[in-house]
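Note that ligands are numbered from 1 as they come in the structure, with each ligand's atoms numbered from 1 the same way. Just the heavy atoms: all of them, side chains too, but no hydrogens, waters or symmetry mates, feed the values below.
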Amino acid sequence: MVSRASSRDDFEIAIICALRREYNAVVPLFSELWDQQSEDDEDNDFGRAAGDTNIYANGRIGRHNVVLVLLRKMGKRAAAGTAAQIATSYTRVSLALLIGVCGGIPRYKRDGNEDIEILLGDLVVSTKVCEFDFGREYPDGFAPKNTEEDQPGKPNKNISNLLEALQTDIGMKTLRQKTPEYLQAIRERTPIHPEKYNFPGRNADKLFKADYRHRHDGAVSCECRNWQNARDAVCKESLKADCNNTKCDETQLESRRIESRQQFINKPEDPVFHFGAIASGDRVEKSGIDRDQYVRDLGVIGFEMEGAGVWDELPCLVVKSVCDYADSHKNKKWQDYTAAVAAAAAKAILDVYPGRDKPVDRKLSRCFRCPSP
Ligand SMILES: [Zn+2]
Ligand SMILES: [Zn+2]
């Protein structure tokens with residue numbers, strides 16, 4: 001039986017989310033939440049350090065005490081500020097999981113040869129974080145800096161060991177088995193509109209060719225009619241409309257080799273885990289051509305906006321599920337489902353993470369010669 005945490009020192013895991021929908025998907029995974037049980041029970045208040053403005057939810061997921069926090073807004077700066085405050089209030093945090101949705105690249109090479117496809121709903125786990133918006137703007141385009149001094153550091157030993165453990169056969173087996181199970185638990189414990197966490201279906205997973213721009217295809221009256229090249233302007237209305245409304249040309253879709261992923265999953269809709277570098281920056285990547293250039297420059301497999309901020313302040317693993325292909329056709333259709341996939345994966349990762357022994361209680365270990373305080 002795991003007992004209730006008695007103070008902030010009993011928390012070793014922080015979960016950080018940038019969006020409310022990501023936060024909402026994590027909450028059903030708590031076996032217990034301890035903050036709002038009774039107004040006049042002071043024991044329920046874990047408090048926070050002076051100057052800390054974060055609002056925390058404290059509870060237990062599996063065998064770990066977990067503190068959950070929602071960023072006040074998206075982006076590296078808000079993430080860094082929130083993470084730094086977590087570090088002052090929860091000084092024993094050894095693993096911060098940044099959980100949520102991200103843009104994914106369509107495919108990458110594993111071990112230099114095998115072509116691995118990333119589909120919507122898959123998971124990207126960071127082995128490192130690259131700031132893709134840090135670099136030099138040249139007349140012919142932007143070049144990110146990719147030297148060791150210019151980029152966030154490597155994960156510490158504890159995180160490196162966890163990454164290794166997750167990628168062993170036994171680690172992967174846990175992730176593959178437990179993630180769909182926890183995803184189902186999120187649905188069952190969500191009383192209002194649990195169907196938002198249902199798999200949207202592979203027919204709703206559409207990857208357009210990188211140079212095929214989202215626009216009113218066949219337009220006669222708007223700016224889209226002049227479109228010829230990937231960098232040409234399109235009308236503002238098309239930016240807000242989804243591909244059905246713009247009538248994006250489905251003959252420009254890329255075919256996927258879905259059968260090649262059967263070796264990694266139990267059921268066709270199950271997410272595949274991909275480990276690699278994640279691009280993190282304060283801008284949303286919405287161009288297939290630029291996406292592919294960053295992949296060549298930085299070797300990244302996903303795009304998101306908070307990892308670089310958390311990375312410098314806390315030992316961090318970014319765990320994000322792919323809700324779009326970081327191109328101009330992106331929309332929000334997959335966001336709720338992928339938010340839940342990321343939350344489920346986080347719990348599966350915590351099943352592998354051992355945690356540390358509690359520090360020895362100083363009252364019990366006090367020297368008998370010393371006077372009582
Ligand atoms: Zn248009
Ligand atoms: Zn489109």
Self-check item: Shared hydrophobic cluster, V101 / L68 (ILVMFWY, side-chain heavy atoms < 4.5 Å)
Solution: no
Quiz item: Relative to the Zn ion (ligand 2), which of the N, O or S atoms in H329 is the closest?
Solution: ND1
Exercise. Kindly give the atom name of the N, O or S atom of H214 closest to the Zn ion (ligand 2).
Key: ND1
Quiz item: Do you know which of K196, R21, R187, R20 makes salt bridge (Lys or Arg N to Asp or Glu O under 4.0 Å) with D336?
Solution: R21
Exercise. Check the angle between the aromatic planes of H329 and Y212 and answer parallel, tilted or perpendicular using the 30° and 60° thresholds.
Key: parallel
Quiz item: Please, which pairs that meet side chain to side chain donor-acceptor pair (under 3.5 Å) have at least one residue in residues 68-77, sequence neighbours excluded?
Solution: K76-E131, K76-D133
Quiz prompt | Any residue meeting side-chain hydrogen bond (donor to acceptor under 3.5 Å, both in side chains) with S280, in chain and number order, not counting sequence neighbours | solution = E304
Quiz item: Which residues and atoms, counting only protein N, O or S, are under 2.8 Å from the Zn ion (ligand 1)?
Solution: H216 ND1, C222 SG, C224 SG, C235 SG
Self-check item: Whether Y337 and W334 hold their rings parallel, tilted or perpendicular, with breakpoints at 30° and 60°
Solution: perpendicular
Exercise. Enumerate the residue pairs fulfilling side chain to side chain donor-acceptor pair (under 3.5 Å) with a member in residues 231-246, sequence neighbours excluded, ordered by first and then second residue.
Key: R231-D290, D242-N245
